[in-house]
Amino acid sequence: MTGTLAKAPGVYIGLDDLIALEYRGSRVSFLPRQPVHSLLSGRFASRMRGRGLNFEEIRDYRPGDDVRSIDWKVTARLQKPHIRVFNEERDRQAVVLVDQRLSMFFGSQLAMKSVTAAQAAAIGAWRVLGVGDRVGAIVFNDRDLVEVRSRRSRATVLQILSAIVAQNQALGVGRGLVSAPAMLNTALEHARRRALHDALVIIISDFDGADDATRKMIGAMARHNDVVALLVHDPLQSDLPPSASMTVTDGELQIRLEIGRDSVRKSISQATEERLKGVFALTHELGIPVLPLSAAEETAAQLRRLLGAMPARHGRGGSHRGAEATLG
C-alpha cells in the first residue's frame with residue numbers, strides 16, 4: 001500500500017512491525033495457572049488449565065506409585081493392583097482470533113483499534129511459540145475469514161502475521177467494505193470446531209455484533225478450554241468531547257454527527273455502554289477473563305500489566321516467583 005495515509009503511524013500495520021514485536025512481548029506470560037484479572041469485573045481470577053494428559057498404558061502397581069492412579073476396575077478383574085499411566089502432552093494448542101472488521105478501523109489518539117488488535121495478536125503468537133506450544137489463528141474482517149492451523153513453527157507465526165497485515169491494509173473508506181457484525185460469530189464458530197479441549201483461545205476484538213449466540217459459543221468453548229477475551233476499545237467512544245462533530249461511515253456512506261448535542265451524545269454513549277457491559281458480563285456469567293485493551297496506549301505495556309509478567313529467576317538454582325497483574 002502506498003500513500004501518506006498508509007504510512008501514518010497507527011493507521012495501518014506492516015509485517016516488519018509485527019515481526020519486531022517478537023521481543024517486545026517477551027515479558028508477557030501465558031504460563032499455565034497464571035492468575036488473570038479483569039479491570040472491570042471485580043478482580044475476578046481465572047486459573048489456566050495448562051497442558052493436558054495423554055493416556056499411555058495400564059501396568060501393574062509398583063512400590064512408590066501414586067495410589068490415586070490405581071485403576072480399580074482392572075485391579076478387581078485381575079485381582080492384582082494396576083495403575084493407569086499418563087504422559088503430559090508435549091505441547092498445547094493456542095488459537096488466536098483477530099478482528100479486522102470495519103468497526104475496528106477507528107482511533108482517536110495513538111492507533112486504530114485494528115492496529116492495536118494486530119499488535120496484541122502478534123505478541124500473543126510469539127509468546128505461545130516461545131514457550132514451545134502450537135499456535136494457530138482465525139483472522140477475520142467483514143467479508144473474509146482466514147484460518148491458520150496450529151503448528152509449532154516460526155513459519156506458522158509468519159503466516160498468521162501476513163494474514164493480519166493483508167486484512168489490516170485492506171481497511172478504509174470507499175473500498176467497497178460493508179460492516180458485517182455477524183462475522184464475529186462466524187469466526188467464533190470456526191474456533192469452537194478447532195479448539196476441542198485443553199486449548200488456549202484468545203479473542204481480540206471490539207465485540208461489535210455480540211449477542212446471545214456469541215455468549216453461547218464462548219461458553220461452549222470455555223467448558224473445555226481456557227478462553228481469554230481482549231476487548232479493544234478507544235476512549236473517545238465512551239468519553240465524547242462536550243462540543244465537536246464526528247464523521248462516521250459504514251464503509252460506503254458517511255454521516256456527520258454533531259456530538260455536542262445532548263440527544264446525540266446520549267444515544268452514542270448508551271449504545272457503547274450497553275455493548276461493553278454485555279462483554280464484561282462474560283466474566284461473571286461464564287468465568288471468562290475480559291481484559292480491556294485501549295487503542296490509546298502502547299500495546300505491549302498493557303499486556304504485561306493485564307496478563308502478568310514472566311516469573312523472575314533467583315540465583316543459579318532458577319527458583320521462580322509468579323507475578324500477578326495489578327490493575328486496580
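Predicted model, so just to flag it, every value in this text is computed and none were measured.
Salt bridge status for Arg193 with Glu147: absent, with no side-chain N to carboxylate O gap under 4.0 Å. A salt bridge is defined here as a Lys NZ or Arg NE, NH1 or NH2 lying under 4.0 Å from an Asp or Glu carboxylate O, and Asp234 with Lys113 fails to meet this definition. Between Arg92 and Asp226, at least one side-chain nitrogen of the basic residue sits less than 4.0 Å from a carboxylate oxygen of the acidic one, meeting the salt-bridge criterion. Between Glu298 and Arg305 there is no salt bridge, since no side-chain nitrogen of the basic residue lies less than 4.0 Å from a carboxylate oxygen of the acidic one. Using a cut-off of 4.0 Å between Lys/Arg side-chain N and Asp/Glu carboxylate O, Arg101 and Asp206 are scored as salt-bridged.
Thr214 and Asp211 share a side-chain donor-acceptor pair at under 3.5 Å. With 3.5 Å as the limit, one finds no donor-acceptor pair spanning the side chains of Gln100 and Asn141.
Rounding to the nearest 0.5 Å gives a distance of 6.0 Å between CG of Leu230 and CG of Leu303. The CG atom of Leu161 sits 8.5 Å away from atom CG of Leu21, with the distance rounded to the nearest 0.5 Å. One distance of note links CZ of Phe207 with NE2 of His233; it measures 12.5 Å at 0.5 Å rounding. Considering CE of Met183 and CG of Asp142, their distance stands at 7.5 Å, rounded to 0.5 Å. For the atom pair Tyr61 OH and Ser69 OG, the distance stands at 9.5 Å (nearest 0.5 Å). Atom-to-atom distance recorded for Gln119:CD and Asn168:CG is 9.5 Å, nearest 0.5 angstrom.
When the side chains of ILVMFWY residues are joined at heavy-atom separations under 4.5 Å, either directly or via intervening members, Leu200 and Leu196 end up in two distinct hydrophobic clusters. In the hydrophobic cluster analysis, where Ile, Leu, Val, Met, Phe, Trp and Tyr join through side-chain heavy atoms closer than 4.5 angstrom, Leu110 is grouped apart from Val232.
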Evaluate the side-chain contact (heavy atoms from CB on, under 4.5 Å) criterion for residues Leu177 and Leu171: first the C-alpha distance (whole Å), next the side-chain angles of each, then the deciding distance (0.1 Å), finally the verdict. CA-CA 8 Å; Leu177 301 177; Leu171 285 169; 4.2 Å; yes
Could you walk me through whether Val146 and Ile138 pass side-chain contact (heavy atoms from CB on, under 4.5 Å), step by step? CA-CA 6 Å; Val146 176; Ile138 296 171; over 6 Å; no
Apply side-chain contact (heavy atoms from CB on, under 4.5 Å) to residues Val115 and Val11 and explain how you reach the verdict. CA-CA 7 Å; Val115 169; Val11 178; 5.9 Å; no
Show the numbers, then the answer: is there a side-chain contact (heavy atoms from CB on, under 4.5 Å) between Arg215 and Glu285? CA-CA 9 Å; Arg215 186 173 290 100; Glu285 295 175 7; 2.7 Å; yes
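Here the side chain of Asp133 pairs no donor or acceptor atom with the backbone of Val128 at under 3.5 angstrom. The closest donor-acceptor contact from the side chain of Gln167 to the backbone of Val139 lies under 3.5 Å. At least one donor-acceptor pair under 3.5 Å links the side chain of His82 to the backbone N or O of Lys80.
Inter-residue side-chain proximity for Val135 and Arg151 is flagged as unmet; no heavy-atom pair is nearer than 4.5 Å. Using a 4.5 Å heavy-atom threshold, the side chains of Ile203 and Val227 count as touching. Side-chain atoms of Val228 and Val201, non-hydrogen and from C-beta on, never get closer than 4.5 Å to each other. Within the 4.5 Å cutoff, side-chain heavy atoms of Pro235 are placed close to those of Ser294. Counting heavy atoms from C-beta outward, Ile13 and Leu18 have side chains that approach closer than 4.5 Å. Contact check for Leu15 versus Ser162: side-chain heavy atoms found under the 4.5 Å cut-off. Contact annotation: the side chain of Phe140 never approaches that of Val98 to less than 4.5 Å [non-hydrogen atoms, C-beta and beyond].
The local environment of CZ in Arg154 is crowded, with over 12 non-hydrogen atoms from other residues, nucleotides or ligands closer than 6.0 Å.
Listed by first and then second residue, the salt bridge (Lys or Arg N to Asp or Glu O under 4.0 Å) pairs that reach into residues 115-124 come to none, sequence neighbours excluded.
For the residue pair Phe105 and Gly172, the shortest heavy atom distance occurs at CE2-CA, 3.8 Å. Residues Asn185 and Ala213 come closest through the heavy atom pair ND2-CB, 3.7 Å. Looking at every heavy atom in both residues, Leu293 comes nearest to Ala120 through CD2-CB, 3.7 Å. Summarising the geometry of Tyr12 relative to Arg175, their closest heavy-atom pair is OH-NH2, 3.4 Å, with the distance given to 0.1 Å. Of all the heavy atoms in Asp99 and Ser205, the pair that sits closest is OD2-OG, 2.7 Å. Between Ala118 and Ile164 the shortest heavy-atom distance is CB-CG2, 3.5 Å.
Tested against Ser150 for a side chain to side chain donor-acceptor pair (under 3.5 Å), the candidates Gln93, Arg194, Arg134 yield a single pass: Gln93. Checked against Ile204 for a side-chain contact (heavy atoms from CB on, under 4.5 Å), the options Val96, Leu231, Leu97 give a single hit: Val96.
For Arg192, the side chain to side chain contact (heavy atoms under 4.5 Å, CB included) partners at least two apart in sequence or on another chain are Glu189, Ala220, Met221.
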